[in-house]
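Throughout, residue positions are numbered sequentially from 1 according to the sequence presented.
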Amino acid sequence: MERVVTRLYVKDSLSQGATVGLDAAGAHYLRSVLRLNTGARIGLFNEKDGEWLGVIEGLGKGWCSLQIQEQRRKPAPEPDIWLVFAPIKRSRIDFLAEKAGELGCSRILPVFTRYTDVKRINRDRLAAHAKESAEQCERLSVTEVDDAVALDKLIDKWPDDRRLIVCAEFGDARPIAETLTEILVKEPDAGQRPWAVLIGPEGGFAEEELEALRRLPYVTPIGLGPRVLRADTAAVAALSCWQAILGDGGMRPPKGTTPVTVA
């Protein structure tokens with residue numbers, strides 16, 4: 001697969017011979033940040049159509065048109081894993097959205113728990129980080145970002161078929177690798193089912209919250225070792241373990257991957 005200058009997520013339908021126009025932000029990125037000109041080769045992708053080669057036909061202030069030439073990668077299924085987390089401070093929540101994207105989360109859901117200090121999130125900013133993450137890590141989809149809700153309201157509407165791993169700081173909880181490996185042995189297709197990981201706030205869960213979660217039939221409490229982890233560290237650790245054991249951690253990146261471009 002030939003290399004491209006960069007990759008961009010687009011919602012437009014992608015097919016050979018079609019022309020795609022970028023919004024002002026995308027055009028600015030190609031023209032003013034990357035300083036590209038007509039003829040530059042761009043990877044354009046979305047979860048429905050896969051990834052296609054786009055060549056810049058025209059580029060000006062606030063606009064860009066690209067001609068779609070050939071398909072680089074076909075659409076492919078991805079693990080269905082959500083990250084549920086209590087909002088944390090700005091730089092760390094931005095990091096969390098970025099790393100959740102790199103680790104293949106299909107959706108991130110901020111929740112307010114009893115000890116959550118941060119009371120507001122900027123959903124648009126998190127969605128922008130998720131999009132940039134997908135463009136740089138060779139994904140074909142972008143992590144969805146939900147509005148923040150109270151934990152009890154989320155649980156009231158929780159789908160019964162989605163299993164929830166709760167990272168528990170106290171109480172009975174077996175090590176995550178041991179737990180997931182045992183699940184895989186008993187259920188070889190477990191990774192093809194919907195899952196989620198729940199990370200508590202920086203102050204930890206309230207005892208009543210953890211006890212209520214433990215009583216739910218779809219909840220599996222797990223431990224992440226003897227050290228107290230920051231919320232963003234715990235999320236990365238738990239998602240990495242899930243992908244390594246139940247997810248797509250055994251796969252390799254596509255050949256001819258794009259050089260990472262940082263704005």
Side-chain angles (χ1 to χ4, degrees), residues 9 47 78-137 139 141-170 173 176 194-214 216 218-222 224 228-243 247:
Y9 175 80
E47 59 278 2
E78 298 180 346
D80 186 3
I81 177 74
W82 294 356
L83 174 64
V84 186
F85 67 97
I88 49 181
K89 295 177 182 178
R90 175 168 177 166
S91 62
R92 293 191 175 276
I93 198 172
D94 291 348
F95 171 89
L96 193 56
E98 177 184 292
K99 301 311 170 189
E102 289 181 31
L103 289 166
C105 279
S106 54
R107 187 177 177 187
I108 58 177
L109 303 91
V111 292
F112 297 124
T113 66
R114 182 176 302 181
Y115 297 141
T116 302
D117 289 332
V118 176
K119 303 302 181 185
R120 299 176 62 184
I121 67 162
N122 186 327
R123 179 182 176 183
D124 290 341
R125 190 180 73 242
L126 295 184
H129 281 291
K131 178 175 175 290
E132 291 170 6
S133 175
E135 291 171 343
Q136 293 184 11
C137 77
R139 285 185 65 169
S141 65
V142 173
T143 305
E144 296 181 20
V145 181
D146 280 24
D147 288 320
V149 297
L151 177 60
D152 57 350
K153 290 184 178 180
L154 179 70
I155 294 301
D156 285 344
K157 298 180 180 180
W158 192 263
D160 291 337
D161 65 338
R162 184 172 295 274
R163 296 165 75 167
L164 178 61
I165 297 169
V166 176
C167 299
E169 312 98 7
F170 56 85
I176 184 170
W195 286 79
V197 170
L198 171 60
I199 306 294
E202 293 179 330
F205 287 110
E207 185 173 350
E208 296 81 3
E209 288 174 326
L210 265 185
E211 289 306 313
L213 287 167
R214 290 179 197 276
L216 298 172
Y218 49 79
V219 163
T220 301
I222 59 90
L224 292 174
V228 177
L229 305 180
R230 286 183 178 271
D232 49 339
T233 306
V236 170
L239 290 171
S240 297
C241 288
W242 189 92
Q243 288 286 23

Could you tell me if the side chain of [Y] sits less than 4.5 Å from the side chain of [X], heavy atoms only?
| X | Y | result |
| --- | --- | --- |
| Arg114 | Glu208 | yes |
| Leu164 | Val166 | yes |
| Leu103 | Val236 | yes |
| Val118 | Glu202 | no |
| Pro221 | Leu213 | no |
| Leu83 | Leu109 | no |
| Trp158 | Tyr218 | yes |
| Phe85 | Ile108 | yes |

Show the nearest heavy-atom pair for residues [X] and [Y], with the distance to one decimal.
| X | Y | result |
| --- | --- | --- |
| Ala100 | Leu239 | CA-CD1, 4.3 Å |
| Ile81 | Gly104 | CG2-O, 3.6 Å |
| Ala231 | Gly200 | CB-O, 3.9 Å |

* Asked: More than 12 non-hydrogen atoms from neighbouring residues, nucleotides or ligands closer than 6.0 Å to CZ on Arg90, yes or no?
  -> no
- Task: Please indicate whether Lys119 has more than 12 foreign heavy atoms, meaning atoms of other residues, nucleotides or ligands, lying under 6.0 Å from its NZ.
- Result: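 Enclosed.
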Hits for side-chain hydrogen bond (donor to acceptor under 3.5 Å, both in side chains) against Glu144, two or more places apart or cross-chain, chain-then-number order -> none
| message | Applying side-chain hydrogen bond (donor to acceptor under 3.5 Å, both in side chains), can you list everything that pairs with Arg139, at least two apart in sequence or on another chain? | response |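 Partners of Arg139 by the side-chain hydrogen bond (donor to acceptor under 3.5 Å, both in side chains) criterion, ordered by chain and then number, come out as Glu78, Ser141, Thr143.
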Check: Is Arg162 close enough and on-axis enough to Trp195, meaning under 6.0 Å and within 45°, for cation-pi?
Finding: no
### Message
Ignoring hydrogens and geometry beyond distance, is a side-chain donor-acceptor pair present between Glu132 and Tyr9 at under 3.5 Å?
### Response
no
task: Determine, step by step, whether Asp232 and Lys99 satisfy the salt bridge (charged side-chain N to carboxylate O under 4.0 Å, His left out) criterion, reporting the C-alpha distance in whole Å, the side-chain angles of both residues, the deciding distance to 0.1 Å, and the verdict.
output: CA-CA 9 Å; Asp232 49 339; Lys99 301 311 170 189; over 6 Å; no
dist Leu198:CG -> Glu209:CD (nearest 0.5 Å) comes out at 9.0 Å
Distance col, row Ser133:OG vs Glu98:CD, nearest 0.5 angstrom, shows 6.0 Å
Please list all pairs passing the ring pair (Phe, Tyr, Trp, His ring centres under 6.0 Å) test where one or both residues lie in residues 93-123, with sequence neighbours left out.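 Listed once each, the pairs would be none.
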Handout entry: Heavy-atom donor-acceptor pair, Ser106 side chain to Asp80 backbone, under 3.5 Å
Key =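 Not a single qualifying donor-acceptor pair exists.
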